[in-house]
Amino acid sequence: MQLTVPARRGNARSCRLQRPSLLLHAMSKYPVGDIETKWQNYWETNKTFKVTEDPAVPPEKRRYILDMFPYPSAAGLHVGHPEGYTATDIYCRFLRMRGYAVLHPMGFDSFGLAAETYAIQTGTHPRTTTEANINTFRRQIKSLGFSYDWDREVSTHKADYYRWTQWIFLKLYERGLAYVAKVPVWYCEALGTVLANEEVLATPEGPRSERGNHPVERRPLRQWMLKITAYADRLLDGLEGLDWPESIKAMQRNWIGRSEGANVRFAMSDGSGDIEVFTTRPDTLFGATYMVLAPEHPLVGKITTAHQRAQVDAYIERAKLKSDLERTELAKDKTGVFTGGYAVNPVNGEKIPVWISDYILLSYGTGAIMAVPAHDQRDFEFARQFDLKIVRVVAHDGEPDDESDMTEATPGEGVAVNSGRFSGLTTLEFKKQIVEWLEEKGLGSKAVNYKLRDWIFSRQRYWGEPIPIVHCEEGFVPISADDLPLRLPEVESYTPAGTGESPLAAVEDWVGVDCPDGSGQRGMRETNTMPQWAGSCWYFLRYLDPQNDKELASREKIDYWMPVDLYVGGAEHAVLHLLYARFWHKVLFDLGVVNTDEPFMRLVNQGMILGEGGVKMSKSLGNVINPDDIVDSFGADSMRMYEMFMGPLEIAKPWSTNGLAGVHRFLDRVYRLSQRPLSDDAPPDNLVRLLHKTIKKVTEDTDTLAFNTAIAQMMIFVNELFKEEELYRALWEPFVLIISPYAPHLGEELWEQLGHEPSVSKVTWPAYDETLTRDEIVTVVLQVNGKVRNRIEVSADTPADELERLALGNDRVQQWTLDKEIVKCITVPGKLVNLVVR
RNA sequence: GCCGGAGUGGCGGAAUUGGUAGACGCAGGGGACUUAAAAUCCCCUUCCCUCAGGGGAGUACGGGUUCAAGUCCCGUCUCCGGUACCA
């Protein structure tokens, strides 16, 4: 998946970014490079982290920990990638040592625009570029010592992978969830192609292509669509049970945008047709004083009077050129034109004018509204702009009765007024009764609307999954699942055809094909390809069974591992990827392919790593940190540990090379400590207690992904050990175990130096003794009126009355209680005594 | 505007069910070692006042609850992320 970092464009050569000069000063006492190479080779040769489906492992001891796989860009790995990957790696290593079977795979989201753009410019096949980039990514990821099971690696552009992406598409098609429709999309004359919304920018000169700054316009073009709206309610309801950040859930809810209301039909006064509107406030029907249609609304032509025709046509022309953005955000003033037509308000028979305006979007609801200016701010502004009638139909406390005094609409709920026999009803009750009334009269009905729209699934591109459909005389004929994969043909040019078709349209001997229905007729292949999102919708299933050529993954393996227990990645995928993947998963669930309705039980977003000084990392600022440079100068363990020490995983935090050096210093200290002669003597009691506290803290914090505080505790422990002459084996061995998920190369090395067989990752995580985690002597705070006046050291089990006696007898305390009456005494054993005086 | 999140030293950040604010690290200061420097080790380091015992203030701001508030409640401000004529 693509991170929203400034991607390098149109240049696939690897480029070394400038090294911060500080890196060159990294001094190291321990042989970082040797150690890290040694253990990476060991893990690779011994397949240390290969995992298989062992039926002896009970289900509650299995975990599927997933990283968002990267889009292999030419720029190589970014410091943002290792953050999430390190977090899951530490967690996985921890879980394994705690006796879990852990599935932890990695792969590549390898279809995408950047490689194709480069192909257009240079003629290099996108596969060549992509696979070179994958090799770089894989090398970089391996250099950080992550414990992936590399035998499960997948890449979405490989035919044995996209075969199953196409298979899922066929299933969607079979179920009526994939269809073709003419929808307005951005078309760029100069580039000869359709552009995605995110490839179009709003500029003062109008909408322009992101690439080349060419003008673009909306054209209704034939596109493949996926009926995600059919799953809107399930996508909404499914969020309830998920352990996801509240913000992501809120964003998905907002994106789906469910709203309840009613559809109401208004007849034209001249009988020229009916206008249907959607409203969430049917209780304000009596306040509907005019209507507005979207400029593209099909009824506009029919109801416009001859007198208004020229103005209306001119307005429609202008609206066409505006982007959605301009029609909404940028437009402060309302614009619109009267059509000359009138509709009849069904509740009171009043004739109300029908206008068109671009504040009404054809794509939402019915593309038409009843305007209630008294209680809707947009309608209010429009009414004031064009001097239309305003009637209040909801009473709120303390409002002026005269509409001419109103300065803004009052959208809240209240009690109905000016509403005939419905007057006096509360908003809630009114809504119920009016819908019943409308249904009785056949004028309308209860309705639900969504902001969510069907997913435009086709791209006029080369580097994507071909859509396995043939256009035959009798219509679309899907390719038989047995004939998949439908491979991408080789092409001579990657440039779009200029007709709004993909480069595939030019490959005549690929496009022309016998119809798969066996009729003997000739047909034409679909030349659109799938969008980049397709491959990432289900990759986590392919990891389960990557070699399977009979099905996308066997049901046994799905049952063994799914659903994903923890999914870590950037918040930039909050809506699209996570919504699309959930949608496909629900379809697969309905098909009986997968075992759960939701794929990802727990989601964590790692925060962005900013440049030094808290600004965004960007090439133009020259503050981009290249992980390769860090690994070269400080080592992978320092890089990993520093990124975890920076702060909580979820928050954005600035990079600091000094901070990195500090963590490196710590690891260096650990190594130097390890070179001291080992002692088998019993260690001092205070250090044993510190060890148990440390094990407890690191255990709990690793379990909750609070890596920064776990590392702080390890630093405290090492600082204390460092002060001792001797290195006690009884303290050192457990410490090597708990640091090993964090600094795995050093962990392996030290474990081996302790005389053990590798790998440390197979050793059981140390236990702690709860009683040893508590201090025997504690500091108790003596307060007078809540202010700390003294501290005393007492045995931890000193009872309350004894503490109270000690407090009252304390001379520093007495200075503050002298001549005062002691009103109250609060004692918290082991913590404090607070004397309240007057 | 709406939704979500966050405001703690010079900086990144700690702080259990309300119970010692500032753990750990960075930066800074002092000392040790060294011919010297680097590296390393030790100590100090929220701010203000101080008779050197301490005292006062302090977790964005203003209130409140409480013996006790960074933590709970009400209001305000700022910043970050998302979204925006969605009828």
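Just so it is clear: chains get the letters A, B, ... in the order the sequence lines come, proteins before strands, and each one is counted from 1.
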If pairing means Watson-Crick or G-U wobble with both distances under 3.5 Å, then the partner of A57(B) is U46(B)
NZ of K693(A) to CG of N686(A), rounded to nearest 0.5 Å, is 9.5 Å
(Q) Between C26(B) and C33(B), how far apart are the two P atoms, rounded to whole Å? (A) 24 Å
**Request:** Using only side-chain N and O atoms of R669(A), determine if any of them is under 4.0 Å from OP1 or OP2 of C41(B).
**Result:** yes
Quiz prompt | Side-chain-base donor-acceptor pair under 3.5 Å for N834(A) and C67(B) | solution = yes
Notebook entry, point to check: Using the ring of each side chain (for Trp, its six-membered ring), is H664(A) parallel, tilted or perpendicular to F634(A), with breaks at 30° and 60°?
Noted result: perpendicular
**Prompt:** Are any of N785(A)'s side-chain N or O atoms less than 4.0 Å away from OP1 or OP2 of C67(B)?
**Reply:** no
In Watson-Crick or G-U wobble terms, with both distances under 3.5 Å, the base opposite U40(B) is A32(B)
| Contact under 4.0 Å: S259(A) side-chain N or O vs A87(B) OP1/OP2 | yes
So what does G662(A) hit on the nucleic acid, given a heavy-atom distance under 4.0 Å: a base, only sugar-phosphate, or nothing? sugar-phosphate
If we only count heavy atoms from C-beta on, is the R281(A) to V372(A) side-chain gap below 4.5 Å?
no
Whole-Å distance, I792(A) CD1 to G19(B) P, equals 20 Å
Polar atom pairs (N or O), protein with nucleotides 7-13 of chain B, under 3.5 Å:
{"from": "G12(B)", "atom 1": "O2'", "to": "M646(A)", "atom 2": "O", "distance (Å)": "2.7"}

Atom NZ of K451(A) and atom C1' of G82(B) are separated, to the nearest Å, by 11 Å
Quick note, F722(A) side chain, CB onward, closest among G19(B), C42(B), A87(B) is C42(B)
When you measure only distances, ignoring hydrogens and angles, does the side chain of K831(A) come within 3.5 Å of the base of U16(B) through a donor and an acceptor?
yes
- Taking atom P in both U59(B) and C47(B), compute the distance separating them and give it to the nearest angstrom. 16 Å
Out of G4(B), C67(B), C41(B), minimum distance to the side chain of E246(A) belongs to G4(B)
Between E381(A) and Q377(A), a side-chain donor and acceptor under 3.5 Å: yes
### Message
For L452(A), is there any backbone N or O sitting under 3.5 Å from a side-chain donor or acceptor partner on R258(A)?
### Response
no
Re G81(B): Watson-Crick or G-U wobble partner, both distances kept under 3.5 Å, found to be C3(B)
Taking the same atom, C1', in C79(B) and in U65(B), what whole-Å distance lies between them? 29 Å
Pairwise C1' distance, A57(B) and C72(B) [rounded to whole Å]: 24 Å
Scoring nucleotides 44-59 of chain B by protein non-hydrogen atoms under 4.0 Å (B base, S sugar-phosphate only, - none) yields ----------SSSS--
Answer for the Watson-Crick or wobble partner of U20(B), both distances under 3.5 Å, is none
Q | Y290(A) ring center near F382(A) ring center (under 6.0 Å) | A | yes
Rounded to whole Å, CG of L293(A) lies from P of A87(B) at a distance of 18 Å
With syn meaning chi within 90° of zero and anything else anti, the base of G30(B) is anti
Between A250(A) and N449(A), whichever has its closest RNA chain B nucleotide further toward 5' is A250(A)
Once the angle between the rings of F278(A) and Y364(A) is folded into 0 to 90°, is it parallel (under 30°), tilted (30 to 60°) or perpendicular (over 60°)?
-> perpendicular
inquiry  = Work out how far the C1' atom of C24(B) is from that of A15(B), and round it to whole angstrom.
reply    = 12 Å
What contact category does Q783(A) fall into here, base, sugar-phosphate, or nothing, at under 4.0 angstrom with non-hydrogen atoms? base
Rounded to whole Å, the CE-P distance (M608(A) to A6(B)) equals 17 Å
Does NZ or CZ of K334(A) fall inside the cone over Y359(A)'s six-membered ring, less than 6.0 Å from its centre and within 45° of the axis?
yes
* Would you kindly say whether T229(A) and D454(A) are connected by a side-chain donor-acceptor distance under 3.5 Å? => yes
If pairing means Watson-Crick or G-U wobble with both distances under 3.5 Å, then the partner of G25(B) is C11(B)
Check: Within the pair R453(A) and C86(B), is there a side-chain N or O less than 4.0 Å away from OP1 or OP2?
Finding: no
So what does N719(A) hit on the nucleic acid, given a heavy-atom distance under 4.0 Å: a base, only sugar-phosphate, or nothing? sugar-phosphate
The glycosidic conformation of G53(B), counting syn as within 90° of 0 and anti otherwise, is syn
Check: Can N834(A) and K824(A) be counted as having a side-chain donor-acceptor contact under 3.5 angstrom?
Finding: no
Note: I256(A) and A232(A) closest approach over all heavy atoms is CG2-O, 4.0 Å
Separation of A21(B) atom P from R791(A) atom CZ, nearest Å, is 6 Å
note: L239(A), atom CG; G4(B), atom P; distance rounded to Å ~ 14 Å
message: Measuring only the C1' atom in each nucleotide, how far is U76(B) from U83(B)? A whole number of Å is fine.
response: 24 Å
| said: In whole Å, measure the gap between the P atoms of C48(B) and A38(B) for me. | reply: 29 Å
Please report the distance separating the P of G28(B) from the corresponding atom of A39(B), rounded so that it comes out in whole Å. 11 Å
Of the listed G25(B), C26(B), G19(B), the closest approach to the L832(A) side chain comes from G19(B)
D376(A) CG to G1(B) P, in whole Å, measures 18 Å
Exercise for the section: Please state whether the phosphate of C41(B), meaning OP1 or OP2, lies under 4.0 angstrom from any side-chain nitrogen or oxygen of R672(A). Expected result: yes
In whole angstroms, the gap separating C1' of G25(B) from OH of Y642(A) amounts to 9 Å
Does R665(A) reach a base, just sugar-phosphate, or nothing at all? Heavy atoms under 4.0 Å.
sugar-phosphate
>> Test your reading of the model: is there a side-chain donor-acceptor pair from E612(A) to the backbone of T657(A), 3.5 Å cut-off?
In response: yes
For A368(A) and I275(A), the nearest pair of non-hydrogen atoms, with its separation, is CB-CG2, 3.8 Å
Assign each of R258(A) and M715(A) the nucleotide of RNA chain B bearing its closest heavy atom; nearer the 5' end lies the nucleotide of M715(A)
